[in-house]
Number of protein chains: 4
Amino acid sequence: MENIADKKRAIFESTLVLIKEKGFHGTPMSQIAKNAGVAAGTIYHHFDSKETLILELYTYIRDKMLEAMLQLDNEAMDYKDRFFNFWISHCHFYVKNPNALFFMEQFVNSPYSNRDPLQENERFQNTFRDLIKAGVETGLLKPIDHLILSALIHGTIVNVAKMHLCQRVVIGEAELQQIVEVIWDGMHQQPNGAATS
Amino acid sequence: MENIADKKRAIFESTLVLIKEKGFHGTPMSQIAKNAGVAAGTIYHHFDSKETLILELYTYIRDKMLEAMLQLDNEAMDYKDRFFNFWISHCHFYVKNPNALFFMEQFVNSPYSNRDPLQENERFQNTFRDLIKAGVETGLLKPIDHLILSALIHGTIVNVAKMHLCQRVVIGEAELQQIVEVIWDGMHQQPNGAATS
Amino acid sequence: MENIADKKRAIFESTLVLIKEKGFHGTPMSQIAKNAGVAAGTIYHHFDSKETLILELYTYIRDKMLEAMLQLDNEAMDYKDRFFNFWISHCHFYVKNPNALFFMEQFVNSPYSNRDPLQENERFQNTFRDLIKAGVETGLLKPIDHLILSALIHGTIVNVAKMHLCQRVVIGEAELQQIVEVIWDGMHQQPNGAATS
Amino acid sequence: MENIADKKRAIFESTLVLIKEKGFHGTPMSQIAKNAGVAAGTIYHHFDSKETLILELYTYIRDKMLEAMLQLDNEAMDYKDRFFNFWISHCHFYVKNPNALFFMEQFVNSPYSNRDPLQENERFQNTFRDLIKAGVETGLLKPIDHLILSALIHGTIVNVAKMHLCQRVVIGEAELQQIVEVIWDGMHQQPNGAATS
DNA sequence: TATGAATGAGTCTTCATTCAT
DNA sequence: GATGAATGAAGACTCATTCAT
């Protein structure tokens, strides 16, 4: 039976919607249950506590995100294309899943994230990190600690997605392309090693 | 009286510390009061509710941040220097006020920020926006919607500051310089109008 | 089928163990089921409710206790020996079945026992009462209401067994003998009718 | 102000009544609060949790009991009189405070009592123990471990009080006197050292 | 009969807010 | 204004019981 997985998914999605609207605190388990179409007690057959639910929801989203991002990726592709792909598909994911974006942002800035074992998630981190590292090692990206480059990339993705979702600017495919160009131009290293001044 | 302002400040700082540690939900008014050295009821002489307190705290921090950022700014300076200054002093502010960073990040991603009239804050936004707009208009920055550029800049500042505070990379003045260079290189438009490819 | 009786017994024993450790309240039906090796719903094929289960468990234990106590009894024996036997075998039962002791003590002091029809149990009461009554009637015991004498006897048995189980004193066979001697000396009536002063 | 102590007392008494009627489990904090004339939350200003409340209630009762028992005691009195006094005033206390009796009996047989530090209560234990020890040392009582004698005494007190309260026998002052006589006769040692056989 | 996932009423507990002093 | 005890609504969580399989 797919039932169990289905029920968990229903609870995840219900939680996601409510947390986006009301925040962690503003989202009672009773309402999560109601919106998921189950009884309050049922949640506790699948998750030990509200905290566990949120922690697992985090992992669930990371997995979905990774899947979405790998769909277009291909190690045989040109580095720059892979770089662009990554940035854009990550951004797309957030734009298409705004609840996920707001959840993630609340999560990483909340005390929950400190308690997270962060191991499952490493699969996501690793994939991303390897791409950046490779760029630095092959000299395509400037010689800067890959963690810093990641921070820069991730920061831009999230903020651009948020700006889009807040409807403050229209950001179509053309704009996205233009934006990644900016990121790339900043991180890219000229073949002769001379970064633009 | 300075007393009132002092008491408000004490409440603000107490709130800031607790929210960084425990999050909005994990921070009861009673504890804010205790850490601020006042009685629980006293907070309600200064703030209508917990929500008001948090909303005002947001403004309080924006003001402090603006003040910090304007200290080194000077309209007579070279554009690139002003740009660098802005980025770096903003980042410095967060690094020196980690509680403020974590508060702001929780705030902007919470349902609180949706209710914020966003008017007070415009002072901050305006100052920043004008700089970016000027860059675009004078052709020093690529011709991209200034809101997008702001998003990119802000995203990088916040994420670099977080990475620094999480102690995952050592980020000294040299690294900061190097990082803004990346941002600048990405946004800067070559005099001849040809952006790097 | 022996199966049904076996299953009931398994449920009884599981309940007994858990109630000793956790008390009535701390013992969920689900755990009783798990420790008994059956499903939660199965219990309800054998008992109408948790209350019924506990009420029947009470009877189950009374029966086991009576059986244990009658094993050494024999109407042909000397009265004093029967008296000693009763006291000691009752105490032995509790010492060998500490779970039963703790269950009974919780039970008789709980609101459950008020609802108990107390009929089944009379078999136990009767056997015991008859012995005491006979003692009074034959003048071997002091002329005191047999219910009072029973209370005295039962109170000493239970408390001595508890003291033993709490490991606060070592109580071997010699001590037991000495203790019943005390009880007997107190209740026994001198042939000449003069009770000790 | 006596207010705080008064409020605690009101909560204690409310708890006592309800626990006698409904048991630990059947007594919700909300009802304790209502019967005590306070709000549910108020209880938590005085007690950390339901468990703490019950633990403190235990101590509260021990104290009241000790006080009642010492009222008639006097070291200058004849040993036998003190012994009788102790037994009877203890029994009286239970008869006059049936709620206390049922609470104590539930308590000592529940998992709560295992967590009790049992230190405060030692005052009670010590007073009682000293009396018994003195009896053994002076040869007035049979040479049996004082813990065993205590168990016998306490067991009889509690069970006689219960029998009285269950209305199964009328136990007046004359009967009480007669009963302690039984206990005394059992434990007392003949001057010539020959216990009755 | 046996199962065990699902139910939802009921519990303990927290905490924003009030108000008499 | 300041205090902090009191309030009680609301939330997380438990568990006896049911019922479709």
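A, B, ... follow the sequence lines: proteins, then strands. Residue 1 opens every chain.
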What is the nucleic acid contact for C:Thr52, judged by heavy atoms within less than 4.0 Å: base, sugar-phosphate only, or nothing? nothing
Pick the nucleotide of DNA chain E nearest each of A:Thr42 and C:Thr42; which residue has the one closer to the 5' end? C:Thr42
Heavy-atom nearest nucleotide on DNA chain E taken for A:Ala40 and for B:Lys50; more 5' hit belongs to A:Ala40
Could you walk me through whether B:Tyr112 and B:Phe24 pass the ring-ring contact (aromatic ring centres under 6.0 Å, His included) check? CA-CA 10 Å; B:Tyr112 287 113; B:Phe24 287 133; 5.0 Å; yes
Do side-chain atoms of A:Thr52 reach the backbone of A:Phe47 as a donor and acceptor pair under 3.5 angstrom? no
State whether the distance check finds a donor on one side and an acceptor on the other, under 3.5 Å, for side chain D:His45 versus base F:dA6. yes
Measure the distance from CD1 on A:Ile43 to P on F:dT14 and round it to the nearest whole Å. 13 Å
Tell which nucleotide pairs with E:dA20, taking only Watson-Crick or G-U wobble pairs whose two distances are both under 3.5 angstrom. F:dT3
Separation of E:dT14 P from B:Gln31 CD (nearest whole Å): 13 Å
Could you tell me how far apart D:Leu18 (CG) and E:dT11 (P) are, to the nearest whole angstrom? 12 Å
Looking at B:Glu105 and A:Lys162, does any basic side-chain N land under 4.0 Å from a carboxylate oxygen? no
Find the distance B:Phe47:CZ to E:dC15:P and express it as a whole number of Å. 20 Å
Could you check D:Gly41 against B:Val38 and say which one's nearest nucleotide on DNA chain F is further toward the 5' end? B:Val38
Mapping B:Gly37 and D:Gly37 to their closest nucleotides on DNA chain F, which lands nearer the 5' end? B:Gly37
From the options F:dC13, E:dA16, E:dT13, select the nucleotide whose nearest atom is closest to the side chain of D:Tyr44. E:dT13
When you measure from the side-chain N and O atoms of B:Lys7 to the phosphate of F:dG1, is any distance below 4.0 Å, counting only OP1 and OP2? no
Phosphate OP1/OP2 of F:dA6: any D:His46 side-chain N/O under 4.0 Å: yes
Between CZ of D:Phe24 and P of F:dT14 the distance, given in whole Å, is 22 Å
Against the side chain of C:Ala39, the closest entry in F:dA2, F:dG11, E:dG4 is E:dG4
E:dT11 -> Watson-Crick or G-U wobble partner, both distances under 3.5 Å, gives F:dA12
Whole-Å distance, B:His25 NE2 to E:dT13 C1', equals 12 Å
What integer distance in Å separates D:Leu53:CG from E:dT11:P? 16 Å
When you compare the side chain of B:Leu57 with that of B:Phe107, does any pair of heavy atoms fall below 4.5 Å? no
Give the rounded distance in Å between these two atoms: CE of C:Met29 and C1' of E:dA5. 17 Å
Hey, does the side chain of D:Ser14 reach the backbone of D:Ile32 with a donor-acceptor pair shorter than 3.5 angstrom? yes
Using a cut-off of strictly less than 4.0 Å, decide whether A:Lys34 has a side-chain nitrogen or oxygen near OP1 or OP2 of E:dG8. no
Looking at A:Gln31 and A:Leu18, would you say the former's side chain and the latter's main chain have a donor-acceptor pair under 3.5 Å? no
